[in-house]
Each structure stands twice: as C-alpha cells, then as structure tokens.
J.: 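Handing you a structure now.
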Amino acid sequence: MIEPTLDIHLTDSDLDAALRSDARTGLTSTPKSLPPKWFYDARGSELFEAITALPEYYPTRTERALLERVVGEIARTAQAEVLVELGSGSAAKTRLLLSALLSEGPLKTYVPQDVSVSALRGAAQQVGAEFPSLAVHGVVSDFTDTLHNLPRGGRRMIAFLGGTIGNMVAAERAEFLGGIQQVLEPGEQLLLGAGLVTDPAILVPAYDDAAGVTAEFNRNVLHVLNSRLPADFDPDSFDHIAHWDADNEWIEMRLRATRAMTVTVADLDLTVDFAEGEQMRTEISAKFRVDGLTAELAAAGFDTEQVWTDSDDRFALVLAGR
Ligand code: AVJ
C-alpha cells in the first residue's frame with residue numbers, strides 16, 4: 001500500500017470563521033436563512049446516512065443503481081488516470097467507480113476532497129486497504145472556493161455525485177461549473193450526478209419522511225449553532241417544512257418557529273427575534289431537466305458526452321468533457 005498524503009487548505013479556524021459569517025448574515029437577513037453545509041457535524045452526517053436508507057428517500061439508491069449499471073461505460077470512455085471526488089461521501093459509490101476505472105483503464109490516483117479531515121483519513125484508510133495499487137491524495141478544502149488546490153498531472157475525471165449540485169442556486173452553479181471547467185485540461189472530464197424533476201408526490205415525502213429523520217436532520221443545524229457559536233436555540237420549538245417550489249423546481253427545507261422566541265448568539269453579540277410562525281430557509285435541493293442541465297454545462301464551456309438516467313427518470317449521471 002502506498003502511504004496516503006493529505007493536503008490541508010482549510011483549517012478548523014477557517015471553518016469557524018465561515019460559520020460565524022454565515023450565521024450572522026443568515027440570521028440578520030429577511031427572510032432568515034442558513035446554508036445547508038452546516039448540517040453536517042458528526043450527528044448530522046449520521047442523520048444523513050440514516051436518510052439515505054429511508055424508504056421515501058430515493059435519490060441515493062437510485063443514483064447507486066444507475067452508477068452500478070453504467071460505471072463500466074463511464075470508465076471505458078473516461079480512461080482516467082486520476083479520480084477526483086468532490087465532497088467524497090459514500091464509500092459505496094467510490095468503490096464502484098474506483099474498481100471500474102482500475103479494470104477498464106489506467107487509474108493510478110484517487111483524490112478525495114472534503115471539508116472534514118476525519119472523513120478523509122477514514123476514506124484514505126479504507127481505499128488504501130482495498131485498492132493497494134492506488135495512490136491516495138486527500139484534499140481538505142471547501143469545493144466551492146478551492147478548486148485550484150486540486151493536484152494537477154495525469155488525465156483527471158472530477159466526480160461530483162449525490163445531487164449536491166442541487167444545493168446551489170443557478171448563479172452559484174454557473175460559477176461552480178465554470179470554476180471546474182477552468183481547472184480542467186482539454187480531454188479531462190466531469191461526472192455529475194443530479195436529481196431530476198419528478199412527481200411532487202414522490203419528491204416531497206423524500207424530504208419529509210414518516211419517521212421524522214429528515215426533520216431531525218433539519219433541526220440539527222440549530223444544534224450545530226448551539227454547540228459551536230454558542231447559541232441558545234430550542235430546536236424542539238421549530239417544525240420541519242419541506243416545500244416543493246414549482247416555479248424554481250426545487251425542494252425548499254425550512255424551520256418554522258412554533259412560538260415567538262428570542263435567541264442569543266453569544267459569540268456574535270447577537271440577539272435574534274423569531275415571530276410565531278416565522279420560517280427560516282435551511283436548504284434548497286434543486287431538481288433538473290436533462291435539457292437544462294446540458295444547457296448549464298454548455299454555458300460553462302462543457303461538452304456533454306453522455307447522459308444516463310434511471311428507468312423512472314428521477315436521477316441523471318452526466319459525463320461532460322472540457
Ligand atoms: C446530500 C445535498 C444531496 O439535497 O437531497 C437530504 C441532502 N437534505 N434530505 C439532498 C438532504 C434533505 C441531500 N444532498
């Protein structure tokens with residue numbers, strides 16, 4: 001096994017500063033909002049893992065089944081020497097991609113990128129043990145602003161899976177895709193996983209499950225603020241809302257104050273008033289149409305090479321070249 005390396009471009013104090021800035025901006029805006037990236041402390045990541053196993057939450061298993069079906073084709077087309085995985089999440093997807101890229105092509109290096117050092121150490125350990133011929137080069141960074149920190153050299157494929165692109169509004173996606181396009185060399189590729197617009201009767205329960213796991217995941221952002229700022233939110237006084245916004249074609253998650261409250265955020269010297277019934281946005285999860293997705297990729301300078309969708313047209317994998 002080749003000893004894994006880890007580049008750290010984002011420290012705990014950078015993350016702390018970002019949390020403070022996001023909390024101040026979001027809690028003093030009208031309407032209030034918080035960015036979804038702060039869901040994912042250890043408990044939030046566990047809750048998300050639990051979500052992916054819920055009967056109502058189809059995206060993860062749909063993407064995984066689709067990837068299983070087409071990963072050989074992707075690997076033969078891509079002929080990647082380096083797999084860069086942005087926001088490297090589930091080990092199951094990674095394993096599928098790595099073994100296909102190894103058996104169908106010249107893969108030599110795996111570059112997982114994440115904001116969490118511990119997640120990356122875990123990934124490096126697992127992948128190193130299972131694929132001893134691969135060099136693992138972890139990158140701790142925020143994928144939205146540190147693309148230029150990705151290692152160069154060797155034909156790369158950048159994978160951005162899971163539908164996380166849906167957490168960005170159109171302008172953010174344009175900037176993000178444009179940034180990826182700029183760091184890629186001609187002939188390198190992006191593999192993008194994105195949720196598709198589907199029946200709201202399927203979509204809404206996926207974000208509002210009967211067991212209440214998504215509600216707890218949503219409220220977890222308040223626990224994160226409580227422990228890290230610290231703040232004194234009473235998470236149980238907020239209801240979970242999952243709303244399908246048909247105009248924007250996104251699911252919007254919100255927290256709704258069930259009573260009037262004043263919240264104190266000690267480190268920010270901030271007190272925040274919530275009216276009874278006030279709603280705070282915590283996430284958008286945009287869903288796409290294949291035409292729209294390829295148009296956004298084209299606008300960012302990508303050439304869509306192939307699009308695969310599942311048989312219910314709920315999820316798409318897109319291979320795009322620079
Ligand atoms: C991990 C961002 C893809 O938007 O579906 C799951 C997060 N939010 N349930 C998504 C999430 C509520 C998820 N992503």
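By convention here, the first residue in the shown sequence is residue 1. Quick note: numbers below take in every heavy atom, side chains included, and nothing from hydrogens, waters or symmetry partners.
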J.: Under 3.5 Å, side chain of E278 to main-chain N/O of A275, donor-acceptor pair present?
T.: yes
J.: What is the minimum heavy-atom distance between T294 and V307, and which atoms define it?
T.: CG2-CG2, 4.2 Å
J.: Under a 4.0 Å threshold between the charged nitrogen and the carboxylate oxygen, would K37 count as salt-bridged to D142?
T.: yes
J.: Check the pair I202 / E56 against side chain to side chain contact (heavy atoms under 4.5 Å, CB included), numbers first and verdict last.
T.: CA-CA 8 Å; I202 300 291; E56 297 96 331; over 6 Å; no
J.: Are any of the side-chain nitrogens in E296 or R173 under 4.0 Å away from the carboxylate oxygens of its partner?
T.: yes
J.: Under a 4.0 Å threshold between the charged nitrogen and the carboxylate oxygen, would E188 count as salt-bridged to R155?
T.: no
J.: Please identify which of these residues, Y207, Y40, Y57, meets the ring pair (Phe, Tyr, Trp, His ring centres under 6.0 Å) condition with F217.
T.: Y40
J.: Ion pair present between E104 and R76, side-chain N to carboxylate O less than 4.0 angstrom?
T.: yes
J.: What's the spacing between L225 CG and L34 CG if we round to 0.5 Å?
T.: 6.0 Å
J.: Within 45° of the six-membered ring axis of F238 and under 6.0 Å from that ring's centre, is NZ or CZ of R256 located there?
T.: no
J.: Please evaluate residues F39 and T282 with respect to the criterion side chain to side chain contact (heavy atoms under 4.5 Å, CB included), reporting the C-alpha separation (whole Å), side-chain torsions for both, the decisive distance (0.1 Å), and the verdict.
T.: CA-CA 9 Å; F39 285 137; T282 51; 3.8 Å; yes
J.: Check this for me: Q125, atom CD, are more than 12 non-hydrogen atoms of other residues, nucleotides or ligands nearer than 6.0 Å?
T.: no
J.: Determine whether a donor-acceptor pair (N or O, by modelled atom type, separation under 3.5 Å) exists between the side chain of N226 and the backbone of P230.
T.: no
J.: Might you work through the side-chain hydrogen bond (donor to acceptor under 3.5 Å, both in side chains) test for D239 and T258, ending with a clear yes or no?
T.: CA-CA 7 Å; D239 283 343; T258 56; 5.5 Å; no
J.: Say you draw a straight line from CD of E46 to CG of D41; how long is it, rounded to the nearest 0.5 Å?
T.: 9.0 Å
J.: When you compare the side chain of V71 with that of L97, does any pair of heavy atoms fall below 4.5 Å?
T.: yes
J.: Could you give me the CA-CA distance, side-chain angles and deciding distance for D267 and R20, then say whether side chain to side chain contact (heavy atoms under 4.5 Å, CB included) is met?
T.: CA-CA 8 Å; D267 284 14; R20 270 149 222 271; 3.1 Å; yes
J.: Using every non-hydrogen atom in the two residues, find where G138 and L120 come nearest and quote the distance to one decimal.
T.: C-CD1, 4.4 Å
J.: Is it possible for you to say whether W308 and V290 belong to one hydrophobic cluster, with membership spreading through side-chain heavy-atom contacts below 4.5 Å?
T.: no
J.: In this structure, are over 12 heavy atoms from other groups packed under 6.0 Å from D12 atom CG?
T.: no
J.: Indicate yes or no: does R281 engage E283 in a salt bridge with an N to O separation below 4.0 Å.
T.: no
J.: Does I284 belong to the same Ile/Leu/Val/Met/Phe/Trp/Tyr cluster as F176, with side-chain heavy atoms less than 4.5 Å apart forming each link?
T.: no
J.: Heavy-atom count check: over 12 atoms from other residues, nucleotides or ligands less than 6.0 Å from R289 CZ?
T.: no
J.: Does any N or O in the side chain of D245 come within less than 3.5 Å of the main-chain N or O of N248, such that one atom is a donor and the other an acceptor?
T.: yes
J.: With no hydrogens and no angle check, just 3.5 Å: does a side-chain donor-acceptor pair link K32 and T30?
T.: no
J.: Please tell me whether L83 and L317 are part of a single hydrophobic cluster in this structure, the criterion being side-chain heavy atoms less than 4.5 Å apart.
T.: yes
J.: Between CZ of F302 and CG of L319, what distance do you get to the nearest 0.5 Å?
T.: 10.5 Å
J.: Is there side-chain contact between M253 and I241, with at least one heavy-atom pair below 4.5 Å?
T.: no
J.: For side chain to side chain contact (heavy atoms under 4.5 Å, CB included), just list the numbers for L203 and Y58, CA-CA rounded to whole Å, side-chain angles, deciding distance to a tenth of an Å, and then say yes or no.
T.: CA-CA 9 Å; L203 272 166; Y58 63 88; 3.2 Å; yes
J.: Please determine whether a side-chain nitrogen of the Lys or Arg among E216 and R219 lies less than 4.0 Å from a carboxylate oxygen of the Asp or Glu.
T.: yes
J.: Can you get from W38 to V263 by hopping between Ile, Leu, Val, Met, Phe, Trp and Tyr side chains that sit under 4.5 Å apart?
T.: yes
J.: D22 and P35: which non-hydrogen atoms are nearest, and at how many Å?
T.: OD2-CG, 3.4 Å
J.: Would you say the side chain of I74 lies within less than 4.5 Å of the side chain of L67, judging by non-hydrogen atoms?
T.: yes
J.: Which heavy atom of G162 sits nearest a heavy atom of F315, and at what distance?
T.: C-CZ, 3.9 Å
J.: Check G321 against Q189 and note the closest heavy-atom contact, atom names and distance.
T.: CA-CG, 4.0 Å
J.: Does Q306 have more than 12 heavy atoms from other residues, nucleotides or ligands lying within 6.0 Å of its CD?
T.: yes
J.: Which pair of non-hydrogen atoms, one from G163 and one from E63, has the smallest distance, and what is that distance?
T.: N-OE2, 4.4 Å
J.: Have R314 and T62 got a donor and an acceptor in their side chains that come within less than 3.5 Å?
T.: no
J.: Does the pair D234 and R259 meet the rule for a salt bridge (Lys or Arg N to Asp or Glu O under 4.0 Å), with working shown?
T.: CA-CA 11 Å; D234 174 18; R259 56 180 175 87; 3.2 Å; yes
J.: Drop me the distance from Q182's CD to R322's CZ, to the nearest 0.5 angstrom.
T.: 9.0 Å
J.: Is there a chain of hydrophobic side chains (I, L, V, M, F, W, Y, each step under 4.5 Å between heavy atoms) that links L196 to I165?
T.: yes
J.: Any side-chain heavy-atom pair from R254 and M280 closer than 4.5 angstrom?
T.: no
J.: Any side-chain heavy atom of L190 sitting closer than 4.5 Å to one from L297?
T.: yes
J.: May I ask you to decide if T264's main-chain N or O and D232's side chain share a donor-acceptor pair within less than 3.5 Å?
T.: yes
J.: Quick one: are H9 and V139 in side-chain contact, heavy atoms under 4.5 Å?
T.: yes
J.: Under the salt bridge (Lys or Arg N to Asp or Glu O under 4.0 Å) test against R95, which residue among E130, E68, E85 passes?
T.: E130
